[in-house]
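Only one structure is covered here, and it is reproduced in the block below.
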Amino acid sequence: MIRLIIVEDERVIRQGIEKHVPFEELGVDLVRTAENADEAFKICEAFKPDIIISDIMMPGMNGIQLCQKFKEVLPECQIIFISGYSDKEYLKAAIELRAVSYVEKPISIPELKEAIIRAIQSVEKSKRQSTYLLHALLGMSGEETGNILNTIELSHEGKILKQASVFCIFILHTRKSISNAADFSNRCQGSISGMLASAGIHFLTDFVEKDLFVLLLYGQKETISGNPEIMSALWSAVSTMRREDEDCFLGIGKEVESLRMLPDSYQSALSSLQFLSFKGWNHWAAYDGPYSYYQDKLPEALQNEFHKALLHKDLKAATDILNDTYQMLIDNHAVLNFNVRNIYYTLDSVIVRSDRELYLGIFSKEEKRKTENAKFLDGVKTLWEMHAFVSRHVKEVLEENDKERKNNFIVKHVIEYIWENYGDKGLTIQVLAEVVYLTPTYLSNLFKEKTGMTIGGYLTEYRLKKAGELLGDPKLKLYQIADMVGYEDANYFAKLFKKKTGMIPSEYRENKLG
């Protein structure tokens, strides 16, 4: 994003430039105007222009003095002077300020356009150089940093970098990958540049991953080291910059006093991101904060207590267990290692099992839910997200409305009836519908909605499951087993069994009995 400000005390000229120069076409995104130096400074506290078009002769502070002060806080800003005078002293001052151009009045719009194009090219080149420089410094070993600084074409920032006495890497980890890296980078730079510049601190930025944005702060030791106000102000600026859906976490690396040690600062900043697990999104942490790798499993007694609370539909007791577990991990500053994740996998598995026992009792759906939930828990990065997920799951199970409970009870009753009567050869959907006083069509739709299976499919699966158990008894003939699980035709039973298991019943028995 390119920002430009026009500083001109004559309203006609100021408005003429704004009206007749096609800024958007040239690549300028935002334009502001001011009629004197004081107004320009007020605007630029938040605006942070990349390009300044300034008249030289103005009431109060003149354009030369204005741009000299701008350069102190915005050293990379590009300057275009306009003036009705061609005084050599003005020209000399413009050269010293490295002005892009000196356009004399009456202003030629084509000449001003050419000057703006050159200014934009300089801004973009400077940004590219800064990004390339930081990228190179982060990617090279400590022994190579001297060569990098000597061989790379340094920007103005690069020259200041060589004179700095303290360096510190910050990493902004975003919850989602940033699709528009340039926009995010521009917003971040615009938000922090004024604050850091006024404190005498310089910075470079770069994306190392789509969710990892790196900031290198550098300057003199007295301006950075042990300065909590800077850390607080930086985080405040970042928080203001981010959009509502851009949750992030700021990790702060250790300060180093040599560019050769910059990789150490970078690695320590990366390690500070693990504090995200217990601090949560939209917070920050330094690399040397307290943390622990929790090693214990969820005690079996606590699992049983949680299971009992769920079966008794005691929401308060179940919630208290979840809250106590969460608070224990927070108090221990636990990072998200395997053991911590396993605690929440275990809690969620207990919820799924309790749901089955309370309502449906369908193993296939239970396994599917466990798999889906484990996938979600694998992806989250904070304890709070895990805690919130299992807490919602508990409420889903225990706070079902009356209609849902009734429907679940109906399906559970049908399943239990199948368990008790699966050997009945006359067991049909019509019979099951009469058991629960519903029409066959309504029951079929309800059963499919709740279980993901048809009644016929479930009955067949359960019969074949019981047949597999009976095949473990060598005294039973195959035709006897077929009859016991509800099939009159032993050949038809054998075809179904092979389709389900990939083996005919006799092969299955041989494998089962060894």
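All values below were derived from every heavy atom in this structure, side-chain atoms included, with hydrogens, water molecules and symmetry-related copies excluded.
- Annotation: ring-ring contact (aromatic ring centres under 6.0 Å, His included) contacts of Tyr291 (sequence neighbours excluded): Phe275, Tyr293.
- Between Gln220 and Val166, the closest side-chain pair of non-hydrogen atoms is not below 4.5 Å.
- Neither side chain, Glu257 nor Ser165, offers a donor N or O lying under 3.5 Å from an acceptor on the other.
- In the model, Ser185 has a side-chain atom that pairs as donor or acceptor with a side-chain atom of Gln189 under 3.5 Å.
- A heavy-atom distance below 4.5 Å is not found between the side chains of Val31 and Ile5.
- For the 3.5 Å distance criterion, the side chains of Lys279 and His333 fail to qualify, holding no donor opposite an acceptor.
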Report task. Begin with the C-alpha distance, continue with both residues' side-chain angles, and end with the deciding distance and a verdict on salt bridge (Lys or Arg N to Asp or Glu O under 4.0 Å) for Arg243 and Asp183. Result -> CA-CA 12 Å; Arg243 292 171 179 155; Asp183 171 69; 3.4 Å; yes
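- In terms of heavy-atom proximity, Val394 sits nearest to Ala318 at CG1-CB, 4.2 Å.
- Closest of all the heavy-atom pairs between Gly280 and Thr382 is CA-CG2, 4.0 Å.
- A side-chain donor-acceptor contact under 3.5 Å links Ser191 to the backbone of Ala237.
- At least one donor-acceptor pair closer than 3.5 Å links the side chain of Ser271 to the backbone N or O of Ser268.
- Across Ile178 and Glu246, no two heavy atoms sit closer than the pair CD1-OE2, 4.4 Å.
- Between Lys210 and Thr174, the shortest heavy-atom contact is O-OG1, 4.0 Å.
- Scored by the ring-ring contact (aromatic ring centres under 6.0 Å, His included) test, Phe497 finds Phe493, Tyr508 as partners (sequence neighbours excluded).
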With a 3.5 Å cut-off and sequence neighbours excluded, list the donor-acceptor pairs that the side chains of residues 322-329 form with protein atoms.
unit_1: Asn323; atom_1: OD1; unit_2: His387; atom_2: NE2; d: 3.2
unit_1: Asn323; atom_1: ND2; unit_2: Thr319; atom_2: O; d: 3.4
unit_1: Thr325; atom_1: OG1; unit_2: Ile321; atom_2: O; d: 2.8
unit_1: Gln327; atom_1: NE2; unit_2: Asp331; atom_2: OD1; d: 2.9

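- In this structure, the side chain to side chain donor-acceptor pair (under 3.5 Å) partners of Glu469, at least two apart in sequence or on a different chain, are Lys466.
- Across all non-hydrogen atoms, the minimal contact from Gly468 to Lys512 is O-CE, 3.4 Å.
- Considering only heavy atoms from C-beta on, Thr346 comes within 4.5 Å of Asn342 through its side chain.
- Applying the ring-ring contact (aromatic ring centres under 6.0 Å, His included) test to Phe376 and every residue at least two apart in sequence or in another chain returns Phe389.
- A donor-acceptor pair under 3.5 Å is absent between the side-chain atoms of Ser354 and the main chain of Leu311, judged by distance alone.
- Looking only at distances, no side-chain donor or acceptor of Asp247 sits under 3.5 Å from a matching main-chain atom of Arg175.
- Not a single donor-acceptor pair under 3.5 Å links the side chain of Ser265 to the backbone N or O of Glu255.
- Remark: aromatic rings of Phe184 and Phe207 are close, center separation under 6.0 Å.
- In this structure a side-chain-to-backbone donor-acceptor pair under 3.5 Å is present from His312 to Lys308.
- Residues Val214 and Thr205 have side chains not in contact (no heavy-atom distance under 4.5 Å, counting atoms from C-beta outward).
- When atom types are taken as modelled, the side chain of Ser272 and the backbone of Ile252 share a donor-acceptor pair closer than 3.5 angstrom.
- The side chain to side chain donor-acceptor pair (under 3.5 Å) check on Tyr417 picks up nothing, with sequence neighbours excluded.
- Annotation for Leu427 and Val431: closest pair CD1-CG1, 4.2 Å, computed over non-hydrogen atoms.
- Ring centroids of His173 and Trp284 are separated by 6.0 Å or more, keeping the two rings apart.
- You'll find the ring centres of Tyr218 and Phe203 outside the 6.0 Å limit.
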